[in-house]
Amino acid sequence: MTENTQQPASPPELPTQYAPAEVEGQLYERWVERGYFEADAKSDKKPYTIVIPPPNVTGSLHLGHAFQHTLMDALTRRKRMQGYEALWLPGMDHAGIATQNKVEQQLAEEGKSRHDLGREAFVERVWQWKEEYGGKILGQMRRLGDGVDWSRERFTMDEGLSRAVQTIFKKLYDDGLIYRAERIINWCPRCLTAISDIEVEHEDRDGELVSIRYGQGENAIVVATTRAETMLGDTAVAVHPDDERYRHLIGTEVELPLTGRRIPIVADAHVDPAFGTGAVKVTPAHDPNDFEIGQRHNLPSLTIMDEHAVITVHGPFQGLDRLEARSAVVGALRSQGRIVAEKRPYVHAVGHCSRCKTIIEPRLSLQWWVKVEPLAKAAGDAVRDGRVKIHPQEMSGRYFQWVDNMHDWCISRQLWWGHRIPVWYGPDGEVVCVGPDEQPPAGEGWTQDADVLDTWFSSGLWPFSTLGWPEQTPDLVKFYPTDVLLTGHDIIFFWVARMMMFGLYAMDGVAPFHTIALTGLVRDERGKKMSKSFGNVVDPLDWMDKYGSDALRFTLARGANPGTDVPIGEDWVQGSRNFTNKIWNATRFALMNGATVEGPLSSVEEMSAADRWILSRLNATVAETDALYDDYQFAKLSDALFHFAWDEVFDWYVELSKTTFIAGGRPAQVSGRVLGEVLDVLLRLLHPVVPFVTEALWTTLTGRESVVVADWPTDSGFRDAAAEAEIGAVQSLITEVRRFRADQGLQPGQKVPARLELSGTGLGAHEAAVRQILRLQPEGDAFTATATLPVAGATVALDLSGTIDVEAERKRLAKDLAAAEKERAQATAKLGNDAFLAKAPEPVVDKIRTRLAAAEADIARITAQLASLPQA
RNA sequence: GGGCGUGUAGCUCAGUGGUAGAGCGUCGCGUUUACACCGCGAAUGUCGGCGGUUCGAAACCGUCCACGCCCA
C-alpha cells in the first residue's frame with residue numbers, strides 16, 4: 001500500500017464508464033425538488049433574466065430548440081453560479097392556426113367540423129386537446145436539463161396573459177395605432193384565414209406567362225399575366241403616362257374578353273414600361289399592387305372568388321377552382337384567338353402558407369391592423385442608439401432592413417382559437433373597444449367581433465406579460481427588463497422585432513432586453529438543411545438516449561459560432577460522449593489517488609513545477625472562459641475547456657503526476673490537493689454546458705450539495721511563466737523521445753534502459769516522471785548507448801541492445817533538418833531585407849532573430865547526430 | 001432585380017497583417033495507476049482564380065468564378 005491511501009475515508013467507487021441514463025433523470029428531479037431554478041423576486045441579488053422564446057404548444061423538441069436551450073441554459077446557470085438571482089422563464093404560445101388545425105383534423109376523423117360543435121364547444125375541445133397532447137416539449141426540456149423556473153411556467157392563453165393582450169389592444173386602439181380597414185391580405189384558402197406577410201413563404205415555381213389581347217383593331221392592347229383567371233376581375237388596364245406606345249389610348253375604354261365588360265385604360269406612374277408589353281391588367285380585388293392602382297384611380301374592386309378560392313362569377317367558370325379556372329380561361333381565350341404569346345415554363349415566385357403550404361390568394365378583406373410606423377421606428381432606434389445590442393453585430397442589418405420597411409401588420413385571424421378581438425359593434429354602427437376591466441355594452445343588437453388575434457400579437461408581449469404586466473407585480477419590478485433574448489436569426493421578424501415594438505411601447509420606452517443573441521440554424525453533418533423531404537431530420541431524444549444529454553449539449557455548444565449555422569452529425573455527438581467519459585475517468589483516477597478539495601493549497605514553494613504549471617494554466621483558462629462567455633462565444637469557450645481538460649490536465653498533468661502519486665508522501669499530498677483544485681474548478685467551468693456529468697462528479701469529489709449552486713470560479717491571478725517554460729521543455733523532451741521510439745518501431749510499452757543527462761537544464765526534478773512516461777529503465781551494468789538524442793539541452797542515451805534502424809533514424813533526422821533549414825532560409829531572408837528591419841516593429845524582428853538562432857542550433861545538433869550515425 | 005454572407009486538410013469548421021490550426025476521418029504501433037468511449041506516433045493544404053496595397057496578405061482593396069440566405 002502506498003502512503004496516499006491514508007486519505008480520510010475510502011474514496012467512492014466509480015464505475016469505469018459514465019452511464020448518463022442512470023444519473024440524468026434523478027439529478028434533474030433533485031434540482032427541481034430543491035428549487036434551485038426558482039427565482040426569488042424578494043432577493044437582494046442582482047437579477048438576470050431570460051424568457052424562453054415560447055415554443056408552439058403543438059410542437060416537440062427539435063435540434064434547433066435543443067441548440068438554443070443549451071445556450072440559454074448555459075448563460076443562466078453561469079449567472080446563477082456568479083451570484084445573480086437568475087430567472088429562466090419557460091412557457092409556450094397557443095399557436096392559433098396550428099392548434100386549431102390539429103383539433104379540426106381530430107374532428108374530421110369523427111366526421112365533424114368545428115361548425116357542428118359551435119364556437120364555445122370547439123374552444124373547449126381545444127383546451128382538452130392541449131391538456132391531453134399539448135406541451136410535449138416541456139417534458140423533453142427536462143430531459144435536456146433545462147434549468148427553467150417551472151413555478152413560473154406561462155401560456156399565452158392564460159388568464160393573466162390574455163389580460164395583457166386585451167390591455168395593450170385597448171391602449172393601441174385608443175392611441176390610434178390599431179384600426180380596421182379593407183385591404184388586400186394574404187388569404188389561405190385552406191386555413192380560411194388571413195395571415196401576415198411573414199407567414200407567407202415565397203418559392204420559385206414553374207408557371208406560365210400568357211399574353212392576352214384586350215379589345216379590337218386600333219384600340220387593341222396586349223397584357224401579360226401569370227394568373228390568367230384573374231382577368232375575370234379586371235377593372236382596368238394601366239400603362240405608364242409617358243409611354244408613347246399607349247398615350248393615345250389613355251382615357252379610352254377597351255372590351256374585356258369573355259365578359260363583355262368595358263374597362264378603362266388608365267395612366268399610372270408605377271407601371272414599368274420595360275416589363276412585357278408595358279401594359280398591365282388591373283385586378284384590384286386580387287392583387288396588392290393592383291389594389292393600389294385601383295385606389296389611385298377610383299376603380300371598382302371586383303371579387304371573383306370565394307373563401308375557398310373557387311370562382312364565383314361568370315357562368316362557364318363559376319364553381320371552378322382557381323387553377324382549373326386558369327386553364328379554362330386560357331383555353332377560352334385561345335379559341336377566340338386572343339392569346340398572343342405563351343411562355344411556359346415561366347419561373348416566378350409564388351407565395352405559400354407557412355403552415356400548410358397552400359398557395360396564398362391575395363384577397364380583398366376587412367381586417368384589423370396595427371399601424372407599425374411609430375412602433376417600428378422606436379424598435380429601430382433602440383438598436384441604433386446602442387440601448388440594445390445585436391450579437392453578432394453583422395446581423396443588425398437584417399433587423400434594420402425589416403424594421404425600417406415594415407408594412408402595417410394585419411392582426412385579425414378568422415379562427416376560433418386565440419384571443420378574441422375586444423371590439424363590439426352596436427345596432428347603429430357603433431364600434432366600442434373594451435378594456436380588461438370594462439363591461440361590454442349590453443342590450444339588443446350588440447355583437448363582438450368574430451375574429452381572434454394573431455398569435456404573434458400575444459408572443460410580442462411575452463417579456464413582460466409573463467412577469468405579470470399590466471400589474472406592477474414584484475416579478476415585473478425585479479426581472480424586467482430581461483437581459484438576453486436568444487433565438488435563431490430566422491426568427492428576428494417573428495419575435496424579436498415584435499417584442500421590441502411592444503416592450504418599448506408598453507414599458508415606457510424600456511426595451512425588453514439589452515442583448516439580442518442570434519444563432520444560426522442546425523444543419524446535418526454535410527451542412528445541409530434538415531427537412532422532412534431530405535429525410536435527414538434527427539430527433540434529439542434519440543441522441544440523448546444513446547449518448548447522454550451532455551454529449552448532445554456539448555456538441556451543440558461547440559458548434560455555436562456566432563450567427564453561423566451549426567452542422568451536427570452522430571459522429572460528433574459520439575465524440576462529445578467520449579469527452580464526458582474522459583472527464584469521468586480522470587476524476588475517477590483522481591479519487592483513487594487521494595485528490596481532495598479539503599484545506600488550503602500548499603505553499604508555492606512546496607509545489608512541483610507541474611503543480612505550478614497547471615495552476616497557472618487553470619487560472620488563465622478561467623479568465624479566458626469568462627471573457628468568451630461575456631462575448632457569447634460558446635464554440636470558443638467549449639473548445640478552450642475541451643483542450644485545457646484533455647490536452648493539458650489529462651494528457652500531461654495527470655501523467656506527470658503519476659510518479660508523484662506512486663511515490664506517496666508529502667509531495668503526493670501536495671499534488672493531490674492541486675489535482676482536486678484543478679478538477680473542482682474545471683467541473684464548475686464546464687457545468688453550464690454539461691450539467692449532468694459535472695454534477696455527478698463534483699458532488700462525489702467535493703462531498704458538497706450541488707455544483708448548480710456552487711460559486712463560479714474566479715481567476716486568482718496566479719501565473720507562473722517559469723513553470724510553464726519548464727514543463728514546455730519536459731514536453732519537448734518526451735515528445736522527441738517518443739518520436740524516436742515510434743520511428744524505431746519500438747512498442748509503446750517496451751522498456752528500454754537509458755541514461756538521462758539533465759544537468760544544466762534545470763529539468764533534474766523530472767527524471768522520474770520522464771522515465772515513467774517513456775518507459776525508460778535505469779541503466780544497468782551492461783549499459784551501452786546505441787542511440788543518443790540531444791533535445792532541449794538535455795541528452796537521452798538509449799540502449800536498444802542491438803543495432804538500431806539507422807535508415808529510419810536518418811530519415812527522421814533528414815526531415816527535421818529540412819524543416820530547420822527552411823526555417824533558417826526564411827528567417828535569413830527576412831533579416832537580410834533592409835525594408836523589413838526598418839519598418840517591422842521591434843518585437844517582430846526580435847522574434848525572427850530568435851527563430852534564426854533556434855534554427856541554427858537545430859541544424860548544428862541534427863547535423864552532428866547524422867554524422868554520428870553508423871554508415872549504411 | 002436589391003441586400004447580406006460564404007469559399008482554408010478527405011468531411012465540418014476556427015483563424016482581424018508577422019512560422020497555416022482544431023474536431024472527425026485516414027495510416028502505423030499498442031492492455032502503461034483512470035479511460036480502447038483509450039494511449040503514442042505519422043500523413044494531408046497553389047488558404048476559390050487573377051490583380052493591387054504592404055517590409056510582410058489566408059486576413060485589407062479591386063475584379064472574376066462558385067455556392068448559400070433574406071427581401072422584392
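In what follows, every chain begins at residue 1, and chains take the letters A, B, ... in the order their sequences are listed. Just so it is clear, the values below take in all heavy atoms, side chains as well, and ignore hydrogens, waters and symmetry mates.
The nucleotide B/C29 finds its pairing partner in B/G39, both defining distances of the Watson-Crick or G-U wobble pair being shorter than 3.5 Å. Remark: B/A34 base-pairs with no nucleotide in the shown strands. Criterion, Watson-Crick or G-U wobble with two distances under 3.5 Å. In a base pair of the Watson-Crick type (N1 to N3 plus N6-O4 or O6-N4) or a G-U wobble (N1-O2 and O6-N3), with each distance short of 3.5 Å, B/G10 is matched with B/C24. Nucleotide B/C69 is matched to B/G3 when pairs are restricted to Watson-Crick or G-U wobble geometry with both distances under 3.5 angstrom. Across all strands shown, nothing is found opposite B/U19 as a Watson-Crick or G-U wobble partner with both distances under 3.5 Å. As the counterpart of B/U63, B/G49 is assigned, both hydrogen-bonding distances of the Watson-Crick or G-U wobble pattern falling under 3.5 Å.
Here the shortest heavy-atom pairing between A/Thr659 and A/Ala768 reads CG2-O, 3.5 Å.
Taking 4.0 Å as the cut-off between side-chain N and carboxylate O, A/Lys811 and A/Glu807 do not count as a salt-bridged pair. Comment: A/Glu570 does not engage A/Arg577 in a salt bridge, judged by the lack of any side-chain N to carboxylate O separation of less than 4.0 angstrom. Salt-bridge check for A/Lys815 with A/Asp743: failed, with every basic side-chain N at 4.0 Å or more from each acidic carboxylate O. Salt-bridge formation is not detected for the pair A/Lys636/A/Asp639: no Lys NZ or Arg NE/NH1/NH2 atom is positioned less than 4.0 Å from an Asp or Glu carboxylate oxygen.
Residue A/Gln747 is classed as a sugar-phosphate contact, given heavy-atom separations below 4.0 Å to backbone atoms only. Using a 4.0 Å heavy-atom criterion, one finds that A/Glu394 contacts no nucleic acid atom at all. Residue contacts for A/Arg775: at a heavy-atom cut-off of 4.0 Å it reaches a base atom on one of the strands shown. In this structure, A/Pro843 reaches neither bases nor backbone, as no heavy-atom distance under 4.0 Å exists between it and the strands shown. Counting any heavy atom pair closer than 4.0 Å across all strands shown, A/Thr580 reaches no nucleic acid atom. Across all strands, A/Thr564 comes closer than 4.0 Å only to sugar-phosphate atoms, never to a base (heavy-atom distances). Within 4.0 Å (heavy atoms only), A/Gln826 reaches no atom of the nucleic acid at all. If you check every strand for non-hydrogen atoms under 4.0 Å, A/Phe650 touches a base. Among the heavy atoms of the strands lying under 4.0 Å from A/Pro567 are primed sugar atoms or P, OP1, OP2 only; no base atom is included. A/Asp651 comes within 4.0 angstrom of sugar-phosphate atoms only, judged by non-hydrogen atoms across all strands, and of no base. Counting any heavy atom pair closer than 4.0 Å across all strands shown, A/Asn561 reaches sugar-phosphate atoms only and no base atom.
Listed pair A/Lys815 / B/A43 meets the phosphate criterion, a side-chain N or O lying under 4.0 Å from OP1 or OP2. Taking only side-chain nitrogens and oxygens, A/Lys636 never comes nearer than 4.0 Å to OP1 or OP2 of B/A22. Taking only side-chain nitrogens and oxygens, A/Lys658 never comes nearer than 4.0 Å to OP1 or OP2 of B/A34. Checking the phosphate oxygens (OP1, OP2) of B/A42, a side-chain nitrogen or oxygen of A/Arg739 falls inside 4.0 Å. Between B/C37 and A/Asn585, no contact under 4.0 Å exists linking OP1 or OP2 to a side-chain N or O. OP1 and OP2 of B/G56 both lie 4.0 Å or more from every side-chain N or O belonging to A/Lys830. Close to B/G39, at under 4.0 Å from its OP1 or OP2, lies no side-chain N or O of A/Trp652.
Residue-to-nucleotide contacts include no donor-acceptor pair under 3.5 Å from the side chain of A/Arg398 to the base of B/C4. The base of B/A72 lies outside donor-acceptor range of the side chain of A/Gln401, with no N or O pair under 3.5 Å.
As rounded to whole Å, 17 Å separates atom C1' of B/C71 from atom OH of A/Tyr399. When rounded to the nearest whole Å, the span between NZ of A/Lys529 and C1' of B/C69 equals 8 Å. For the pair A/His489 NE2 and B/G5 P, the computed distance is 13 Å after rounding to whole Å. Spacing between atom CZ of A/Arg588 and atom P of B/A36 amounts to 9 Å, rounded to whole angstrom units. The distance from atom CD1 of A/Ile492 to atom C1' of B/C4 is 11 Å, rounded to the nearest whole Å. Protein atom CG of A/Leu628 is 12 Å distant from nucleotide atom C1' of B/A14, rounded to whole Å. A straight line from CG of A/Leu697 to P of B/C35 spans 15 Å, rounded to a whole angstrom. In this structure, CG of A/Asp565 is placed 10 Å from P of B/C70, rounded to the nearest angstrom.
Judged by distance alone, with hydrogens and angles left aside, the side-chain atoms of A/Arg384 form no donor-acceptor pair with the main-chain N or O of A/Phe400 at under 3.5 Å. Checked by atom type and distance alone, the side chain of A/Glu624 never pairs as donor or acceptor with a backbone atom of A/Ala640 at under 3.5 Å. A distance-only check finds no donor-acceptor pair linking the side chain of A/Asn561 to the backbone of A/Thr564 [under 3.5 Å].
Mapped onto RNA chain B by nearest heavy atom, A/Lys839 and A/Thr660 fall at different nucleotides, with A/Thr660 at the one closer to the 5' end. Between A/Arg738 and A/Thr587, it is A/Thr587 whose nearest contact on RNA chain B lies nearer the 5' terminus.
In this structure, A/Arg498 satisfies the cation-pi test against A/Trp409, with its NZ or CZ atom closer than 6.0 Å to the six-membered ring centre and inside 45 degrees of the ring normal.
Closest to the side chain of A/Asn578, from the set B/C38, B/C24, B/G41, is B/C38.
Rounded to a whole angstrom, the distance from the P atom of B/G41 to that of B/U46 is 26 Å. B/G62 and B/G23: their C1' atoms are spaced 36 Å apart (whole Å). Distance check on atom P: B/G51 versus B/G56 gives 16 Å, rounded to whole Å. Going from the P atom of B/U6 to that of B/C27 covers 35 Å, rounded to whole Å. Taking atom P in both B/A20 and B/C24, one finds a spacing of 24 Å when rounded to whole Å. B/G68 and B/C13 are spaced 14 Å apart, taking the P atom of each and rounding to whole Å.
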